[in-house]
Each structure stands twice: as structure tokens, then as C-alpha cells.
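All heavy atoms count here, side chains included; hydrogens, waters and symmetry mates do not.
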Amino acid sequence: MSLSNFLKPAGKAKFVDRFTKKMNELLVSPDKHEGPVKYGLIGAPLSKPSISHSGASMAPSAIREAMASYSTYANHSDQDFRDISIVDFGDVLMHPTGILESQDRIYQSVKAVLGQHDIENFILFGGDHSVSFPSIKALNEQKGTVGVIQFDAHHDLRNLEDGGPTNGTPFRRSIENNVLKGEHIVQIGIRDFTNAKAYADYAEEQGVQVYTMQDVQQRDIQSIIQESLDYLSEKVDLIYLSVDMDVLDQAFAPGCPAIGPGGMDSQTLLTAVEKAADHPMVKGMDIVEIDPTLDIRNMTSRVASYVLFSYIKSKDLKK
């Protein structure tokens, strides 16, 4: 006796529109992709180094799932991105207790993937912001001198003596370990009452370029991005975007461990990423600091997936 045609495998009984392709369908495993990789993705599910409570280790899966909320078609440009592939290399297996070991596993994994595959654009889903250090370190070794445009409410230049390699230290570690020069970092969206003066002073001493939220509010975000790209492109071999989702106002990113008022709206961030990704020297991006256990209706993961789409749209848009 045959089963009903209406019975589907568990979890697969979902409505399908024959004309609609969803963004998550662009994810393909490496064994199903041949040739150069235009977009390569790794998940870094690490949140143990977070200073505050964080379930950011669950974010890589949450962002991938949120991709299913969107189609591959962009109305404004009348372009369908259904034929591109995002090669998903999976998630790095974290050590149950060792923070430094987990961060090293991220470094080793990113380095191996970059070394074994011709990847044009590398994407990392965190995880807390500590994952940026091993990612940038691997890129620096495999691809050349890296410059960073960091979207963040915080400097993430905390000292390492008080807490070790936390999510507040990735760019301090990068500078102190000669992975990045301070002058190769541009920070956009830094907010009042989220940093200590000592770290603002350190940023200035190291030559970090800082745009506060007041700068963002008073100026056009596209002009800030263009200025940042012009500045970095004369100093580095490639540019990497580090998107800490707490750069957004808490109204747009309730799932961030460090929510707060006075941040960017989502359209400003998406416009900034799209503008930055249009530059040929922008070759990678991480998206960090989402705790799905705190989120409301996956709002923050949905914005994060849209950040990825904005990056891809700019790289693949027919000019």
C-alpha cells in the first residue's frame, strides 16, 4: 500500500511557491560545488568568551534559518540572484571548556579553507566578537595586509590583563599581535556611554579612525563609507567588514547581548554594507553578537541575513 502523496518527511511539509527561490537555498556544500568560490561561509559558534551572558554560539544556525525568510529577487534593480552559490563549509567544532583552543580552531579552520579553496569573498557567522581575531589573523596570513571597517557601538580595545581574550578584545589582540595596525582599523557607530575613556585614548594613540554615532547622524553614511574606503585602500591589500550587530539601536536588534538606545537604524547599516561591498578591495565580512535566546521573532538574525544579502547584492549587481 502506498502512502498518501501529502505525507512529507518530518519538518518538510512546507508550502512551496514554484516561482520563488529562498535565500537559504543558495547555500551549497563544498562537495556539490566545482571551481572558484565566489562566496565561502564558515560558522564560528563561540560565545564562552563573552563578558556578559550570551547565547551567540547559536547564531550561525539562526542566521542560516533566517535566510529562508527572504527570496532571491531584488525589486529595485529587477535582478534575481537565484543562480549564485554560497559555499557553506559548516561550523567550527568548539572545545567544551578551552576558550583559547576554540579561538585557535577558528583560526586553523579559516586558514585551511582559504588555503585549499579559491575564495573571492569570505563570510564568517559568529559567535561573539572574539571570533574576529582568529578570522582576521588567518586572512592576513593567506591573503595579505588586512584593513577593517568595524561597525560597532564599542571600541573592542579592552586590555587583556583583566579578562583575557574576551569579546571586548579582538582588535586590541590584533594590534598587540601585529595582525592589524591601528591605522588599518576604521570604527563606525561608536556610542556614548558604552566605552571607557582609556580605550578611546588607546584608539587615538594607535591611529584607529573613529566615527561616532553623532558623526553617522550628522553626515551621509555613504560619504563616511567612501571616505573610509579611500583611506584604507591606500594602506592595505584587502578590506574586511566586521559587523557587530549591537551597532544597531535596540529597537532593531533586540537579540544583541549589549543592547542600547541611540544606535543605527537597520537601513543605515544595510546601505553602509552595500556601499562598502561595491569596492573591489572588500573581500570578506563577519557578522557577530547575536543571542537568539534573547531575540524577538528572530528580528536580529533576520537583519543579519539581510546584511549578507546587501553584501552579495552589491558584489553581483549588474551595473
Rounded to the nearest 0.5 Å, how far apart are [atom1] of [X] and [atom2] of [Y]?
X: Ser233; Y: Met281; atom1: OG; atom2: CE; answer: 5.5 Å
X: Met285; Y: Tyr311; atom1: CE; atom2: OH; answer: 6.5 Å
X: Thr268; Y: Asp220; atom1: OG1; atom2: CG; answer: 9.5 Å
X: Ile221; Y: Ser228; atom1: CD1; atom2: OG; answer: 8.0 Å
X: Tyr39; Y: Ile123; atom1: OH; atom2: CD1; answer: 8.5 Å
X: Met245; Y: His129; atom1: CE; atom2: NE2; answer: 12.0 Å

Keeping [X] on the side-chain end and [Y] on the backbone end, is there a donor-acceptor pair under 3.5 Å?
X: Asn177; Y: Val179; result: no
X: Asp237; Y: Lys143; result: no
X: Gln150; Y: Asp156; result: no
X: Gln218; Y: Val216; result: no
X: Gln79; Y: Asp316; result: yes
X: Lys8; Y: Ala13; result: no
X: Asp215; Y: Thr212; result: yes
X: Asp246; Y: Cys256; result: no
X: Lys315; Y: Ala277; result: yes
X: Thr194; Y: Arg191; result: yes

Decide if atom NZ of Lys21 counts as having more than 12 heavy atoms of other residues, nucleotides or ligands within a radius under 6.0 Å.
yes
Taking atom CZ of Arg158 as the centre, report whether more than 12 heavy atoms of other residues, nucleotides or ligands fall under 6.0 Å from it.
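12 or below, so no.
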Residues forming a ring-ring contact (aromatic ring centres under 6.0 Å, His included) with Tyr70, sequence neighbours excluded
Tyr306, Phe309
Who passes ring-ring contact (aromatic ring centres under 6.0 Å, His included) against Phe89, sequence neighbours left out?
His117
Given side chains that start at C-beta, do those of [X] and [Y] come closer than 4.5 Å, heavy atoms only?
X: Met94; Y: Pro45; answer: yes
X: Pro165; Y: Leu100; answer: yes
X: Glu65; Y: Asn24; answer: no
X: Arg172; Y: Tyr199; answer: yes
X: Glu120; Y: Lys283; answer: yes
X: Ile175; Y: Ile185; answer: yes

Arg173: which residues meet the salt bridge (Lys or Arg N to Asp or Glu O under 4.0 Å) condition with it, sequence neighbours left out?
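Per chain and number, Arg173 pairs via salt bridge (Lys or Arg N to Asp or Glu O under 4.0 Å) with no residue.
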For Lys197, enumerate each residue passing the salt bridge (Lys or Arg N to Asp or Glu O under 4.0 Å) test, keeping only those at least two apart in sequence or located in another chain.
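Salt bridge (Lys or Arg N to Asp or Glu O under 4.0 Å) list for Lys197, sorted by chain: Asp201.
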Heavy-atom closest contact ([X] atom, [Y] atom, distance):
X: His155; Y: Asn195; result: N-OD1, 2.8 Å
X: Asp295; Y: Pro254; result: OD1-CG, 3.6 Å
X: Asp265; Y: Leu248; result: O-CD2, 3.6 Å
X: Ser132; Y: Pro170; result: CB-CB, 4.3 Å
X: Thr169; Y: Asn159; result: CG2-O, 3.9 Å
X: Met213; Y: Gly262; result: CG-O, 3.5 Å

[Y] reachable from [X] in the ILVMFWY side-chain graph, under 4.5 Å edges:
X: Val208; Y: Val243; result: no
X: Met67; Y: Ile84; result: yes
X: Leu294; Y: Phe125; result: no
X: Val131; Y: Val110; result: yes
X: Val148; Y: Leu157; result: yes

Cut-off 3.5 Å, side chains only: do Thr271 and Gln267 have a donor facing an acceptor?
yes
Pick one: which of Asp244, Leu241, Leu124 meets side-chain contact (heavy atoms from CB on, under 4.5 Å) with Asp286?
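Only one of Asp244, Leu241, Leu124 forms a side-chain contact (heavy atoms from CB on, under 4.5 Å) with Asp286, namely Leu124.
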Residue pairs involving residues 75-96 (criterion salt bridge (charged side-chain N to carboxylate O under 4.0 Å, His left out); sequence neighbours excluded):
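Every salt bridge (charged side-chain N to carboxylate O under 4.0 Å, His left out) pair that includes a residue of residues 75-96, provided the two are not neighbours, is Arg64-Asp88, Arg64-Asp91, Asp80-Arg82.
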Name all pairs fulfilling the salt bridge (charged side-chain N to carboxylate O under 4.0 Å, His left out) condition that reach into residues 92-116, sequence neighbours left out, sorted by first residue then second.
Glu101-Arg105, Lys111-Glu141
Side chain to side chain donor-acceptor pair (under 3.5 Å), that's the test. Do Gln214 and Asp192 meet it? Break it down for me.
CA-CA 9 Å; Gln214 284 82 354; Asp192 287 347; 3.0 Å; yes
